[in-house]
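Residue numbers start from 1 in every chain, and the chains themselves are labelled A, B, ... in the order their sequence lines are given, proteins ahead of strands. No hydrogens, no waters, no symmetry mates; every other heavy atom, side chains included, goes into these values.
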Number of protein chains: 2
Amino acid sequence: MDQTGSKMKIAVDAMGGDYAPGVVVEGVAQALYDYPDCEFTLVGHTAKLGFYLYKYGIANHPNLKLHHAETAVEMSDPSAISLRSKKNSSITECARLMKDGSVEALVSPGHTGALVAATKVLNRTLPGIDRPALAASLPHRHGRFILIDAGANPDCKPGNLVQFALMGEIYARFMLKKERPAIGLLSVGGEDGKGSSLTKTVFKALSGMPVNFVGNVESNSAFEGACDVLIADGFSGNVMLKTSEGLARLSVNWLKSAIRKNALRLTGALLAKNAFVELKSMGDADEIGGAPLLGINGVCIIGHGSSSPKAVRNAIRTARDAIRFRMNERISQRLAECRASVTDLESMF
Amino acid sequence: MDQTGSKMKIAVDAMGGDYAPGVVVEGVAQALYDYPDCEFTLVGHTAKLGFYLYKYGIANHPNLKLHHAETAVEMSDPSAISLRSKKNSSITECARLMKDGSVEALVSPGHTGALVAATKVLNRTLPGIDRPALAASLPHRHGRFILIDAGANPDCKPGNLVQFALMGEIYARFMLKKERPAIGLLSVGGEDGKGSSLTKTVFKALSGMPVNFVGNVESNSAFEGACDVLIADGFSGNVMLKTSEGLARLSVNWLKSAIRKNALRLTGALLAKNAFVELKSMGDADEIGGAPLLGINGVCIIGHGSSSPKAVRNAIRTARDAIRFRMNERISQRLAECRASVTDLESMF
């Protein structure tokens with residue numbers, strides 16, 4: 001239940017991701033069991049969903065509704081397609097349900113660009129927020145940190161990054177349970193004067209704001225735990241996120257082929273197997289499940305395209321928690337509190 | 001010997017890096033033995049070098065000269081210091097020796113920003129090159145790729161990236177022995193239309209040039225081997241480089257602590273030890289030794305601040321190979337060849 005006692009309403013894009021709709025329906029089945037205080041609207045081509053609803057035994061579940069969407073956005077489609085030739089895609093329908101108040105949150109393991117485009121146009125941003133931003137969670141030596149923007153905005157103005165900092169601060173309070181999270185600015189040198197013209201302007205603005213700003217943070221230091229929230233433009237933030245993914249996969253492949261080279265190594269690896277399992281779980285994206293697109297009117301959680309059922313279920317958990325935490329209300333409050341300290345915000349666009 | 005039969009002349013910054021001057025002198029001692037066709041000028045505070053020259057038995061080596069530099073740039077110094085308050089630093093003196101023709105190449109495991117600043121002003125860029133760029137080498141699934149610019153220019157115009165592509169192509173011919181290396185553009189989506197306003201302009205320019213341009217490449221795909229040369233602005237390139245470093249260190253630490261948790265795992269890890277050693281060597285930065293700052297009049301190889309003697313020796317090897325390969329001459333030739341295909345290059349600045 002949310003704070004008013006009624007069920008929380010969440011739309012789930014059944015057609016999003018590489019293994020849709022099977023894994024999404026399976027994830028929703030888990031969530032129906034785990035979160036009886038939620039009501040789910042599964043959005044997709046209903047004729048294609050039937051088989052899976054029966055397979056996972058949720059065809060007649062009282063907390064499940066269906067909503068038909070004729071098409072689906074493919075991962076290779078351009079972002080604007082959700083607003084143009086695929087106006088009746090499952091992504092667009094999810095955004096529409098949130099726009100008309102049928103649901104409070106949407107979850108999609110789908111196309112990030114299409115979700116950003118659809119929610120920006122249909123749901124609009126919160127007052128005082130110019131661009132929504134993707135908040136990803138990455139591991140560091142002692143825990144996790146939030147990277148914002150992880151890819152929603154390839155081109156940013158300084159004012160966008162200032163807003164990302166405030167949204168990231170609120171999300172860290174919720175996600176990391178830290179009241180005054182340390183906020184760092186992704187840059188190419190740890191010293192104050194270093195960086196691009198964009199980061200130098202943002203550095204000055206953040207220095208004058210009532211946040212726990214710890215200055216420039218290089219990407220290697222972020223993995224050492226230099227900050228709780230790392231502020232970046234969406235281009236370099238996305239490069240950082242995808243470099244982590246790519247390198248993690250490369251290392252695992254290397255290790256596997258190095259170990260398979262002889263029997264002694266293989267025996268050793270079997271004995272140490274739990275250590276590898278533990279290592280894998282530390283960087284486990286499925287455990288987090290989804291990254292919120294912050295700054296949208298409504299809660300929007302984006303899962304990885306290759307999400308597992310567990311990841312879908314955990315993305316739903318994040319959506320539910322964000323509703324309960326009243327995240328958007330807190331972001332708006334924080335913006336109002338800080339507006340006085342960034343008087344020249346308009347000049348930063 | 002270079003092609004004229006005289007010894008190749010290389011200046012080495014003895015005061016650069018975290019373990020200077022000891023590891024630098026040790027690296028030069030190895031290089032003196034391995035490369036009798038080179039003559040080295042060790043640049044640093046001569047009074048501080050004496051002990052190490054005797055320790056490594058090279059005090060009276062016929063192929064070694066000393067050149068005094070009163071000060072040294074610290075890693076925490078701002079980049080411009082090499083041209084302002086530390087005009088007689090070892091970095092500045094190296095650049096000066098290359099300017100007056102005393103040496104053909106310089107090697108420094110020092111402050112990247114200070115080296116860029118000193119060489120840009122004292123040595124200037126090659127004709128047709130507006131900004132020098134750092135070319136780092138990173139591992140992918142089947143070999144290595146070149147990332148250019150890895151951090152020399154935090155702010156770039158489209159025209160800079162076009163020039164980086166041509167310099168990267170020549171360096172890949174030399175470093176990867178590929179005549180027509182696949183050139184990718186670092187972006188936030190693999191599809192043609194994706195990216196920032198910067199990358200979209202560069203995409204169009206590269207598409208019209210006589211290079212083997214394979215389009216946008218996301219950072220995760222680069223680790224799968226999507227291209228031989230990855231073109232980036234110096235900000236996101238540096239984020240990519242340092243994310244790789246940070247994540248590699250984090251993974252090793254995780255694995256170590258997971259393995260130490262019990263005796264069974266530890267035994268297993270000991271049996272599989274060679275697999276770990278092999279894994280480590282695949283990503284070994286010491287093996288590469290240094291990244292060239294391309295586009296400078298003269299050869300400039302920058303080593304990692306924490307370079308080992310082996311890394312210093314290998315950076316010297318790279319400098320020697322670049323002289324023998326006549327890298328700058330080839331870059332200038334390639335620029336001339338391609339100038340016709342990028343007629344609107346000026347509009348990209």
Side-chain angles (χ1 to χ4, degrees), chain A residues 76 78-79 113 139-141 151 154-155 186-189 191 193-199 218-224 232 234-236 238-240 242-251 253-255 258-259 261-262 264-276 278-279 282-283, chain B residues 76 78-79 113 139-141 151 154-155 186-189 191 193-199 218-224 232 234-236 238-251 253-255 258-259 261 264-276 278-279 282-283:
Chain A
S76 57
S79 299
H140 66 57
R141 197 186 277 251
D155 288 299
L186 179 62
S187 194
V188 294
E191 297 79 27
K194 299 236 172 123
S196 65
S197 55
L198 174 70
T199 66
E218 291 186 286
S219 46
N220 50 345
S221 313
F223 291 103
E224 299 286 321
F235 191 92
S236 46
N238 194 259
V239 166
M240 182 166 175
K242 287 186 180 148
T243 300
S244 317
E245 286 178 14
L247 202 68
R249 198 171 306 132
L250 183 66
S251 308
N253 281 327
W254 271 348
L255 204 55
I259 280 170
K261 278 194 189 156
N262 70 49
L264 188 66
R265 290 182 184 181
L266 196 59
T267 313
L270 285 172
L271 294 177
K273 194 181 169 209
N274 283 339
F276 293 110
E278 210 167 280
L279 174 67
M282 292 195 74
Chain B
S76 56
S79 299
H140 66 57
R141 198 187 276 251
D155 288 299
L186 179 62
S187 193
V188 296
E191 297 77 29
K194 300 235 171 124
S196 64
S197 55
L198 173 71
T199 65
E218 291 186 284
S219 45
N220 49 346
S221 312
F223 291 104
E224 299 287 321
F235 191 91
S236 47
N238 195 259
V239 166
M240 183 166 177
L241 181 68
K242 287 186 180 148
T243 300
S244 316
E245 286 178 12
L247 202 69
R249 198 172 306 133
L250 182 67
S251 307
N253 282 327
W254 271 348
L255 204 55
I259 281 170
K261 278 194 188 155
L264 189 65
R265 290 182 183 182
L266 197 58
T267 312
L270 286 173
L271 293 178
K273 195 181 168 212
N274 284 339
F276 294 111
E278 209 167 282
L279 174 66
M282 291 195 74

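The choice from A:Pro78, A:Pro154, A:Gly151 that makes the most heavy-atom pairs within less than 4.5 Å of chain B is A:Pro154. Ranked by heavy-atom pairs under 4.5 Å with chain A, the first of B:Gly113, B:Ser196, B:Ser236 is B:Ser196. Ranked by heavy-atom pairs shorter than 4.5 Å toward chain A, the options B:Leu241, B:Leu186, B:Asn220 are led by B:Asn220.
Between the OG atom in A:Ser221 and the NE2 atom in A:His140 there is a gap of 12.0 Å [rounded to 0.5 Å].
For the residue pair A:Ser244 and A:Phe223, the shortest heavy atom distance occurs at OG-CZ, 3.7 Å.
Only the side chain of A:Thr199 comes within contact range of chain B, with at least one heavy atom under 4.5 Å from a heavy atom of that chain.
Legend: residues meeting side chain to side chain donor-acceptor pair (under 3.5 Å) with B:Thr243, ordered by chain and number and at least two apart, are A:Ser219.
Inter-residue side-chain proximity for A:Ser79 and B:Lys194 is flagged as met; some heavy-atom pair is nearer than 4.5 Å.
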